[in-house]
Amino acid sequence: MNAVYLAQDPTLADFGKDPWWLVLIKVLFAFVFGLLATLLGVWFERRVVGYMQVRPGPNQVGPFGLLQTLADGLKMAFKEDILPKAADKVVYFFAPVISVVCAVTALSVIPFGPMVSIFGHRTPLQVTDVPVAVLVLLACSSLAVYGIVLGGWASGSTYPLLGGLRSSAQMISYEVAMGLSIVAVFMTAGTMSTSGIVAAQGDATRFTIGGVEVPAPGWYAILLLPSFIIFFIATVGETNRAPFDLPEAESELVAGFMTEYSSLKFALFMLSEYVAMVTMSAVTTTLFLGGWRAPWPITLWADANTGWWPMLWFFGKVLALVFVFVWLRGTLPRLRYDQFMRFGWKVLLPINLVWILVLAGLRSIEGWQTRDRLLATGLGAGVLLLVTLLWPSRKKEPQPTLQEQANSRPHGSFPLPPMDLQVPPSPRTKRVVAEREPANVAAGSDSREV
């Protein structure tokens, strides 16, 4: 069984041997996959959010509303294309193109399946692979920032400029957390090749308990759970999806960096967001969910990871992650910008650094004896727990009362309304209070008629 699986795993030596027509087929397949997945992703999001909000969603154009996204694309294509007078025409045109191209290019190093036979040629289901393929993914993700920044700057307007700067700060900050999460994958897999990382997750980790070998899951989403959680959170922030959709916060930025865009250029920006969502789902599947390998219990079937079947498992995992993206949008409210940036720099980044140090320590003691390994692990966990418990907590400074704030105001400040919200009577008003005897008074013995 293992020999069959190993024979199906592509290596770096299997790339660069395809004829030109096969390379063209692979490139077209990756492009069509990104485009169709985006079109279906828009429809899928509307249907799922509609189900969560107890409403039908798109159901008129085509069966089950499947053609609604195509109709929206045609509608935007025929809308009037407005060019702002103060815009830089060249940069204004290429900014959305940069965002789409960077998102689609990342699919070139994603393994969709194992070695297969296409018209008699033995080839991997992947456009290409290089020893630093994951760095190619990070480069494509980083270059996508330029599309947003240039789109906001080239519009020649204040709101897009502010939205572009805010979006670039958001994407760059979460790029750091995402890159550090992948460091743990490098350390465990021992390679930066995407096909090599998928192959490394195919060999289950084995533990010896009482002289018996017990296989453990090989997915890095389980073995490197902190890295997986931080990577997915950073992915949501990187793709500008809710609850981190601050660049498109209509109530705050009037649609942000894309305010001055219309027609097909606006459609390209919207398309790039969904392409990035599908692409990052595919990247997460490759790095943490075993790539194209079948999950348990499908692996009990002998031919689960052979032929064209792995492509089905890969698409299923990508669809599950896209559903999580949509689920988050329909569940969580949008964060404030300061909360979002504080979460990235003061929470995700320190946790990631500590986790990488812990993982490096565990990797360095792998060759030790079992007793020494357990002793070192327990000692390190105890020290970490002690530091966590004794870490000084920052006490909040007592807030002064309203009266104290009013008393501390400098002389000559503007007058303040009364703190008790009761308006005193005007001194110019004259009031006469008359005291009268009760109307019904019992007559006494000494009463006399007046």
With Ser195, which residues qualify under side-chain hydrogen bond (donor to acceptor under 3.5 Å, both in side chains), at least two apart?
-> Asp129, Ser193
Excluding sequence neighbours, so at least two apart, what forms side-chain hydrogen bond (donor to acceptor under 3.5 Å, both in side chains) with Ser99?
-> none
Tell me every residue that passes ring pair (Phe, Tyr, Trp, His ring centres under 6.0 Å) with [X], counting only those two or more places apart in sequence or in another chain.
X      : result
Phe44  : none
Phe323 : Trp327
Trp43  : none
Phe325 : Phe232

Do the side-chain N and O atoms of Gln170 and Asn240 include a donor-acceptor pair separated by under 3.5 angstrom?
-> yes
Under 3.5 Å, is there a donor-acceptor pair between the Glu175 and Ser142 side chains?
-> yes
For residues 88-96, tabulate all N or O donor-acceptor pairs below 3.5 Å that involve a side-chain atom, not counting sequence neighbours.
{"from": "Asp88", "atom 1": "OD1", "to": "Val90", "atom 2": "N", "distance (Å)": "3.4"}
{"from": "Tyr92", "atom 1": "OH", "to": "Ile82", "atom 2": "O", "distance (Å)": "3.4"}
{"from": "Tyr92", "atom 1": "OH", "to": "Glu260", "atom 2": "O", "distance (Å)": "2.6"}

Where the side chain of [X] meets the backbone of [Y], is there a donor-acceptor pair that is under 3.5 Å apart?
X      : Y      : result
Lys317 : Leu289 : yes
Glu238 : Ile233 : no
Gln53  : Arg55  : no

Spacing of Leu74 atom CG and Thr69 atom OG1 [to the nearest 0.5 Å] |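 OG1 of Thr69 is found 11.0 Å from CG of Leu74.
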Residues in salt bridge (charged side-chain N to carboxylate O under 4.0 Å, His left out) with Arg329, at least two apart?
->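 Residues passing salt bridge (charged side-chain N to carboxylate O under 4.0 Å, His left out) with Arg329: Glu45.
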Not counting sequence neighbours, list each pair that qualifies as a side chain to side chain donor-acceptor pair (under 3.5 Å) and has a residue in residues 18-36.
->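 Found Asp18-Lys26, Asp18-Thr123, Lys26-Thr123.
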Using distance only, find each side-chain donor-acceptor pair of residues 107-120 under 3.5 Å and give its atom names and separation, not counting sequence neighbours.
{"from": "Ser108", "atom 1": "OG", "to": "Thr105", "atom 2": "O", "distance (Å)": "2.7"}

Please list, one pair per line, the donor and acceptor atoms closer than 3.5 Å that link side chains of residues 179-187 to other protein atoms, with sequence neighbours excluded.
{"from": "Ser181", "atom 1": "OG", "to": "Ala177", "atom 2": "O", "distance (Å)": "2.9"}
{"from": "Ser181", "atom 1": "OG", "to": "Asn352", "atom 2": "ND2", "distance (Å)": "3.1"}

Return a table of donor-acceptor pairs under 3.5 angstrom between the side chains of residues 217-224 and protein atoms on other chains or two or more places apart.
none

